[in-house]
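Just so it is clear, the values below take in all heavy atoms, side chains as well, and ignore hydrogens, waters and symmetry mates. Please read these numbers as outputs of a predicted model, since none were measured by experiment.
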Amino acid sequence: MFDLEKVTIRSRSVGSMDNNVYVITAKDTGAQVLIDAADDFPAIAGLLEEAAADAAVPAKVELIVTTHSHWDHVRALAEAVRATGARTAAGSEDIPDIEVPTDVPLDHGDVGRFDGFELEAIKLRGHTPGSVALLYRGPNGPAHLFTGDSLFPGGLGNTQQDPERFASLYEDTVERVFDYLPDDTVVHPGHGAGTTLGAERPHLQEWKERGW
């Protein structure tokens, strides 16, 4: 759990694919954003309950963001929507592949304004056509970037050995993430452990040369 000045960030691993589910909670207002309702809604509900205790007032999930359309990231989405009544958001190109209706299409640079924090959408095309990362910048301390399956410790997301898809993801990640954000930015991926941009930056050329 990251206990920041204005928000908390909590996560839980769910399902057979070790998917990370994240919830951002505004301490003063209780506004919440849930990122990737991947699987096991009872576990997600427990995560939301824990996060609600971080707020000074009753918490409410305002938006559920799906970072990309792959099946393992949406298995609990319908149940999460029914339970919370929250709106849904996803990258515009991925919306046709998500069975649950999407209320908010996300394009590169879109900013979601919630009561207590903002999230910026960064489109990282390649793992899927509409994959999005979500950027939180607090008033102090490092930024936090939720990258879905586009950026992990040690490399980029799977592009099925397609040179064009890899080139697209690499270019977007370099220009829109590494050239845009400082080394202390914390990376929260869709599976497994997190990292920082500083830890990964020295390996960019290596990733480009190997093609994955």
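Every residue meeting the side chain to side chain contact (heavy atoms under 4.5 Å, CB included) condition with Asp3, not counting sequence neighbours, appears here in chain and number order: Met1, Thr8, Lys27. The side-chain hydrogen bond (donor to acceptor under 3.5 Å, both in side chains) search around Lys60 returns none, not counting sequence neighbours. In terms of the side chain to side chain contact (heavy atoms under 4.5 Å, CB included) criterion, residue partners of Asp162 (sequence neighbours excluded) are, by chain and number, Glu164, Arg165. The ring-ring contact (aromatic ring centres under 6.0 Å, His included) search around Tyr180 returns none, not counting sequence neighbours. In this view, Tyr136 satisfies the ring-ring contact (aromatic ring centres under 6.0 Å, His included) rule with no residue, not counting sequence neighbours. Here Glu171 pairs with nothing under the side-chain hydrogen bond (donor to acceptor under 3.5 Å, both in side chains) rule; sequence neighbours left out. The ring-ring contact (aromatic ring centres under 6.0 Å, His included) test applied to Phe41 returns no partner, not counting sequence neighbours. Applying the ring-ring contact (aromatic ring centres under 6.0 Å, His included) rule to His191 yields the partners His73; only residues at least two apart in sequence or on another chain are considered. Considering only residues two or more places apart in sequence or on other chains, Asp103 meets the side-chain hydrogen bond (donor to acceptor under 3.5 Å, both in side chains) condition with Thr88. Evaluation of the side-chain hydrogen bond (donor to acceptor under 3.5 Å, both in side chains) rule for Asp183 yields Arg201 as partners, not counting sequence neighbours.
Two residues are said to be in side-chain contact when any heavy atoms from C-beta on lie closer than 4.5 Å; Val74 and Val100 fail this criterion. You'll find the side chain of Val177 stays beyond 4.5 Å of the side chain of Thr147, heavy atoms only. By the 4.5 Å heavy-atom criterion applied to side chains, Thr128 and His70 are counted as neighbours. At least one side-chain heavy atom of Leu145 sits less than 4.5 Å from a side-chain heavy atom of Ile122. At a threshold of 4.5 Å between non-hydrogen side-chain atoms, the residues Thr185 and Pro142 do not count as touching. Contact annotation: the side chain of Tyr170 approaches that of Lys208 to within less than 4.5 Å [non-hydrogen atoms, C-beta and beyond]. Between Leu197 and Phe178 the shortest side-chain heavy-atom distance falls below 4.5 Å. Residues Thr196 and Asp184 form no side-chain contact, since every pair of their non-hydrogen atoms from C-beta on lies 4.5 Å or further apart.
The local environment of CD in Glu5 is crowded, with over 12 non-hydrogen atoms from other residues, nucleotides or ligands closer than 6.0 Å. Atom CD of Gln160 has more than 12 neighbouring heavy atoms from other residues, nucleotides or ligands inside a 6.0 Å radius. Heavy-atom contacts from other residues, nucleotides or ligands closer than 6.0 Å to CD of Glu206 number more than 12.
To the nearest 0.5 angstrom, Leu156 atom CG is 6.5 Å from Leu151 atom CG. Note that CD of Glu62 and OG1 of Thr29 are 7.0 Å apart. Values are rounded to the nearest 0.5 Å. In this structure, OG1 on Thr173 lies 5.0 Å from CG on Leu124, to the nearest 0.5 angstrom. Interatomic distance, Asp149 CG to His127 NE2, rounded to the nearest 0.5 Å: 4.0 Å. Here the straight-line distance linking atom CG of Leu4 with atom NE2 of His144 works out to 4.5 Å at 0.5 Å rounding. The CD1 atom of Ile95 sits 4.5 Å away from the OG1 atom of Thr102 when rounded to the nearest 0.5 Å.
A single hydrophobic cluster is seen to contain both Leu106 and Tyr22, as judged by linkage of ILVMFWY side chains at heavy-atom distances under 4.5 Å, directly or through other members. If you chain together hydrophobic residues whose side chains sit under 4.5 Å apart, Leu34 and Ile24 never meet in one group. Note on Leu63: it clusters hydrophobically with Leu119, by side-chain heavy-atom contacts below 4.5 Å among ILVMFWY residues. Under the 4.5 Å side-chain heavy-atom criterion for ILVMFWY residues, no single connected hydrophobic cluster contains both Phe117 and Leu47. In terms of hydrophobic clustering, with Ile, Leu, Val, Met, Phe, Trp and Tyr side chains grouped at heavy-atom distances under 4.5 Å, Leu181 and Val187 are assigned to a common cluster.
Counting all heavy atoms, side chain and backbone alike, Gly154 lies closest to Arg210 at O-NH2, 2.7 Å. In this structure, Gly194 and Pro153 approach most closely via the heavy-atom pair O-CG, 3.8 Å. Here the shortest heavy-atom pairing between Gly198 and Pro202 reads O-CD, 3.3 Å. Between Val7 and Ala26, the shortest heavy-atom contact is CG1-CA, 4.0 Å. Across Phe152 and Gly157, no two heavy atoms sit closer than the pair CE1-CA, 4.0 Å. When every heavy atom of Ala121 is checked against every heavy atom of Leu134, the shortest pair comes out as CA-CD2, 4.4 Å.
Sorted by first and then second residue, the pairs that involve residues 73-86 and meet salt bridge (Lys or Arg N to Asp or Glu O under 4.0 Å), not counting sequence neighbours, are Asp39-Arg75. Residue pairs meeting the salt bridge (Lys or Arg N to Asp or Glu O under 4.0 Å) criterion with at least one partner in residues 109-138, sequence neighbours excluded, are Glu93-Lys123, Asp107-Lys123, Arg113-Glu118, Arg125-Asp172.
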Item to complete: Could you walk me through whether Val81 and Leu77 pass the side chain to side chain contact (heavy atoms under 4.5 Å, CB included) test, one step at a time?
Response: CA-CA 6 Å; Val81 170; Leu77 180 57; 4.1 Å; yes

Practice prompt. Report the C-alpha distance between Asp36 and Thr67 in whole Å, list the side-chain angles of each, state the deciding distance to 0.1 Å, and finish with yes or no for side chain to side chain donor-acceptor pair (under 3.5 Å).
Written response: CA-CA 6 Å; Asp36 282 344; Thr67 59; 2.8 Å; yes

Discussion item. Run Thr84 and Leu48 through side chain to side chain contact (heavy atoms under 4.5 Å, CB included) and show every step you take.
Written reply: CA-CA 10 Å; Thr84 64; Leu48 291 172; 4.3 Å; yes

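Using modelled atom types, no side-chain atom of Asp94 and backbone atom of His68 make a donor-acceptor pair closer than 3.5 Å.
A donor and an acceptor atom, one from each side chain of Thr25 and Asp54, are nowhere located under 3.5 Å apart.
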